[in-house]
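In what follows, a structure is listed as structure tokens, so that the remarks can point back to it.
Start at 1 and go down the list; that is how both ligands and their atoms are numbered.
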Amino acid sequence: MARRILFLGPPGAGKGTQAAMLSRALHIPHISTGAMLRDAVATGTELGRKVESVMAAGDLVSDDLVVAIVDERINQSDANCGYLLDGFPRTIAQAEALNDAVVNAIGTVVLLEADTDELVARLLKRAEEEGRADDNETTIRRRLEVYHSETEPLIDFYGDAVIRVDGMGSIEEVFARIMLGLAAN
Ligand code: B4P
């Protein structure tokens with residue numbers, strides 16, 4: 001059966017990092033809404049112009065825009081054998097739209113958890129290295145608040161499908177925990 005995995009967790013927990021590694025290990029596409037939206041901003045598309053200031057403030061892009069790009073992406077042929085969703089869904093409305101669009105849209109949810117101080121430290125380090133527009137202290141705090149209010153309710157929404165993984169420690173240690181969690185699932 002196609003593997004359909006969702007990575008859930010606060011900003012900086014390692015979703016993008018681990019999803020990229022797991023995508024290579026499982027040979028299924030890594031679909032990151034954050035990356036798709038940043039590409040749209042970088043190339044100056046109509047979508048990019050609409051979302052640029054929202055992302056820079058650390059707020060969520062509107063559900064209809066994000067649902068439309070994911071719907072288009074998961075209908076491409078390489079996603080027939082499964083996919084790894086990173087950063088989508090981020091609201092209950094997005095999760096419901098995904099369920100309406102795809103039967104058994106999510107099989108397993110990998111919930112990555114880490115201490116707030118560690119999350120902030122990782123994102124500030126990335127700010128120094130990559131200069132992402134939304135990696136400054138004010139915006140990071142805002143993204144954490146938005147995570148707690150809008151995205152955390154998805155943990156209950158997905159219930160038994162959720163595997164909790166400790167995201168503290170090295171990237172390799174976290175990856176090993178994810179592989180163990182998936183093998184036991
Ligand atoms: P995302 O791109 O999804 O960004 P993120 O939640 O901040 O996490 P990211 O995946 O980048 O970081 P990671 O934890 O891997 O979203 C950005 C914005 O796009 C959102 O704020 C929103 O505006 C918009 N958006 C995206 N999806 C949306 C949706 N569905 N609906 C509405 N809006 C949406 O890693 C962070 C850093 O930690 C990296 O530098 C990494 O190298 C490092 N790191 C990772 N693991 C580590 C470890 N174990 N040890 C040390 N460092 C580690």
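When T17, L124, V67 are checked for heavy-atom proximity to atom 45 (C) of ligand 1, T17 turns out nearest. Considering each of K15, M55, R122, the one bringing a non-hydrogen atom nearest atom 48 (C) of ligand 1 is R122. Taking each of A57, G169, S170, G14 in turn, the one with a heavy atom nearest to atom 50 (N) of ligand 1 proves to be G169. The heavy atom nearest to atom 4 (O) of ligand 1, out of those in E130, R132, E128, E150, is found in R132.
Taken from CD1 in I106 to CG in L6, the straight-line distance is 4.5 Å, to the nearest 0.5 Å. Remark: I155 CD1 to L111 CG distance equals 4.5 Å, nearest 0.5 Å.
Nearest heavy-atom pair, G107 versus A161, reported as atom, atom and distance to 0.1 Å: O-CB, 3.8 Å. Residues L112 and V174 share a closest heavy-atom pair of CD2-CG1, 3.7 Å. The nearest pair of heavy atoms linking H148 to P153 is O-CD, 3.9 Å.
Salt bridge annotation for R73-D78: present, with a cationic side-chain nitrogen under 4.0 angstrom from a carboxylate oxygen. Between R164 and E113 there is a salt bridge, since at least one side-chain N of the basic residue sits less than 4.0 Å from a carboxylate O of the acidic one. A salt bridge between E46 and K50 is present, with a side-chain N of the basic residue lying under 4.0 Å from a carboxylate O of the acidic one. Ion pairing between a basic and an acidic side chain is recognised when a charged N comes within 4.0 Å of a carboxylate O; K125 and E128 show no such pairing.
Of all protein heavy atoms, the one closest to atom 24 (C) of ligand 1 is L37 CD1, 3.8 Å. Of the protein's non-hydrogen atoms, R143 NH2, 2.4 Å is the one closest to atom 7 (O) of ligand 1. Closest to atom 10 (O) of ligand 1, if we only count protein heavy atoms, is G16 N, 3.1 Å. With respect to atom 33 (N) of ligand 1, the closest heavy atom belonging to the protein is V61 N, 3.1 Å. Looking only at protein heavy atoms, the nearest one to atom 27 (N) of ligand 1 is T33 OG1, 2.7 Å. Looking from atom 31 (N) of ligand 1 to the surrounding protein, the closest heavy atom is Q94 NE2, 2.9 Å. Looking at atom 20 (C) of ligand 1, its nearest protein heavy atom turns out to be R90 NH2, 3.8 Å. Scanning the protein for heavy atoms near atom 23 (O) of ligand 1, the closest one is D59 O, 2.7 Å.
Contact between V54 and ligand 1 is absent, with no heavy atom of the residue lying under 4.0 Å from the ligand.
The shortest N or O to N or O distance between G87 and ligand 1 is under 3.5 Å. The shortest N/O to N/O separation between G12 and ligand 1 falls below 3.5 Å. For a threshold of 3.5 Å applied to N or O pairs, the pair formed by A13 and ligand 1 contains at least one separation below that value.
A side-chain N or O of T91 and one of D63 form a donor-acceptor pair less than 3.5 Å apart. Side-chain contact annotation: N80 with S77, donor-acceptor N/O pair under 3.5 Å absent.
Short contacts between ligand 1 and R126, defined as distances under 4.0 Å to a heavy atom of the residue, involve ligand atoms 7 (O), 9 (P), 11 (O), 12 (O), 35 (O), 36 (C), 39 (C), 40 (O). Taking every heavy atom of L123 and a limit of under 4.0 angstrom, the matching atoms of ligand 1 come to 36 (C). Here is the list of ligand 1 atoms found below 4.0 Å of a heavy atom in I171: 46 (N), 47 (C), 48 (C), 49 (N). Ligand 1 places these atoms under 4.0 Å from at least one heavy atom of R38: 2 (O), 17 (C).
Contacts of D134 with ligand 1, taken as heavy-atom pairs under 4.0 Å, involve the side chain alone.
Every side chain to side chain contact (heavy atoms under 4.5 Å, CB included) that A105 has, sequence neighbours left out, goes to Y83, L98, N99, V102.
Residue R143 forms a side-chain hydrogen bond (donor to acceptor under 3.5 Å, both in side chains) with just one option from D59, T151, D135, and that option is D135.
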